Structure formats: C-alpha cells, structure tokens
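Below is one structure, written out as structure tokens; the observations come after it.
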Amino acid sequence: MKKSKIKVLVFMCILFGLQWSVAQEVDTKKEIKELSMKKWQWMADKNADSLAILFHDKAKFVHMGGTWGKDREVDIIKSGGIHYKKADVHEVMIEVLNEFTAIIWNRITLVAVVGGNEVTNPFMVTEVYTKENDTWKLADLTFSKLLVRE
C-alpha cells in the first residue's frame with residue numbers, strides 16, 4: 001500500500017473517531033439534561049422512591065441549612081420537611097468530563113415549602129453525575145443562592 005493511501009486511511013480513522021466522540025458527548029448532554037429535569041419533577045411530586053434510585057449511595061446534598069447524605073435527603077423529601085414545589089429552570093449548562101462524569105449547572109427559581117413556610121429563591125444548582133453499570137447516578141447536588149440585583 002502506498003504511503004499516500006495509508007495517510008488517507010489514518011486521516012479517515014481519526015475523523016471518524018472525532019465525529020463519534022462529538023456525537024457521544026451530544027447524546028450524553030441530552031441524557032443528563034433529561035435526567036435533571038425528571039429529578040426536578042420527582043422532587044416536586046415527592047417521588048422519594050425514584051429519587052432514591054437516582055441518588056448515589058455516597059451522594060452529598062448542600063443546602064442553605066447544611067450538608068447531608070442520601071438517606072437524610074430522601075427522608076426529608078418523603079416526610080415533606082422540604083417540599084420542592086416548583087423549579088423554574090432558566091438556564092442549563094452541561095460539561096461532560098469523560099464517559100463516567102458529567103456536571104450540570106441550572107440557574108433556577110425554586111418555590112419550596114420549608115418548615116411549613118413557602119419560600120421562593122434564585123439558585124445556581126450544581127449537579128454532578130457519575131455513571132456506574134451503564135446508569136447515571138447523582139453524586140452531588142449543591143444549591144448556591146444567587147443575589148438578586150435590582
């Protein structure tokens with residue numbers, strides 16, 4: 001085989017690999033975005049069973065009132081200690097780090113009931129997902145309250 005044909009073949013393999021990689025990232029971003037939106041709905045519906053499956057066993061949840069693990073978050077949702085009534089998602093940014101890790105940032109306005117009081121707050125929410133056994137798991141959910149400028 002001539003060197004020029006080998007170069008073309010190598011170039012085509014590299015090009016195909018890049019196209020496949022870009023397509024995979026686009027698919028992963030779509031999958032993570034859809035999963036995040038389902039999570040917000042499950043939280044609004046107090047669907048603790050679906051959330052318990054989604055949450056990684058070692059997940060951490062950072063709120064204005066503290067940081068805790070999966071079991072406490074599921075219990076809080078189940079009991080209504082925090083009712084995430086509605087998350088209006090205004091902006092979504094997703095970064096796929098590799099085939100096993102993705103991060104999503106949602107700028108939201110959250111309507112929640114906390115301690116019997118309905119509150120509305122603007123947040124930037126960071127979600128870290130990790131893939132185990134072909135299933136995405138939420139490993140971190142951090143709420144950062146945004147300052148509202150007039």
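All values reported here derive from a predicted model rather than from experimental measurement.
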Item to check | For Lys46, all residues meeting salt bridge (charged side-chain N to carboxylate O under 4.0 Å, His left out), sequence neighbours excluded | outcome: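 Once residues adjacent in sequence are excluded, Lys46 has no partner under the salt bridge (charged side-chain N to carboxylate O under 4.0 Å, His left out) criterion.
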Checklist entry - With side chains defined as the heavy atoms from C-beta onward, is the minimum distance between Ile76 and Phe61 less than 4.5 Å? => result no
From [X] atom [atom1] to [Y] atom [atom2], the distance as rounded to the nearest 0.5 Å:
| X | Y | atom1 | atom2 | value |
| --- | --- | --- | --- | --- |
| Trp40 | Leu110 | CH2 | CG | 6.0 Å |
| Lys60 | Arg72 | NZ | CZ | 11.5 Å |
| Met43 | Ile77 | CE | CD1 | 4.5 Å |
| Leu141 | Thr67 | CG | OG1 | 11.0 Å |
| Asp140 | Thr126 | CG | OG1 | 7.5 Å |
| Lys39 | Leu138 | NZ | CG | 7.0 Å |

Checklist entry - Can you pull the salt bridge (Lys or Arg N to Asp or Glu O under 4.0 Å) pairs that have at least one residue in residues 81-94, sequence neighbours excluded? => result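 Output for this query lists Lys85-Glu118, Lys86-Asp88, Glu91-Arg107.
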Transitively linked via ILVMFWY side-chain contacts under 4.5 Å: [X] with [Y]?
| X | Y | result |
| --- | --- | --- |
| Phe123 | Val114 | yes |
| Met93 | Val128 | yes |
| Val74 | Leu35 | yes |
| Val119 | Ile108 | yes |
| Val92 | Ile103 | no |

So which heavy atom on [X] is nearest to which on [Y], and how close?
| X | Y | result |
| --- | --- | --- |
| Val89 | Met37 | CG1-CE, 3.6 Å |
| Met64 | Asn121 | CE-ND2, 4.2 Å |
| Lys70 | Ala52 | NZ-O, 2.8 Å |

Checklist entry - Are the side chain of Lys137 and the backbone N or O of Ile53 linked by a donor-acceptor pair below 3.5 Å? => result yes
Checklist entry - Is the Tyr129 ring parallel, tilted or perpendicular to the Trp136 ring (thresholds 30°, 60°)? => result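 Tyr129 and Trp136: perpendicular rings.
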Next on the checklist: Parallel, tilted or perpendicular: which one describes the rings of His63 and Phe143, with boundaries at 30° and 60°?
Outcome noted: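 Parallel.
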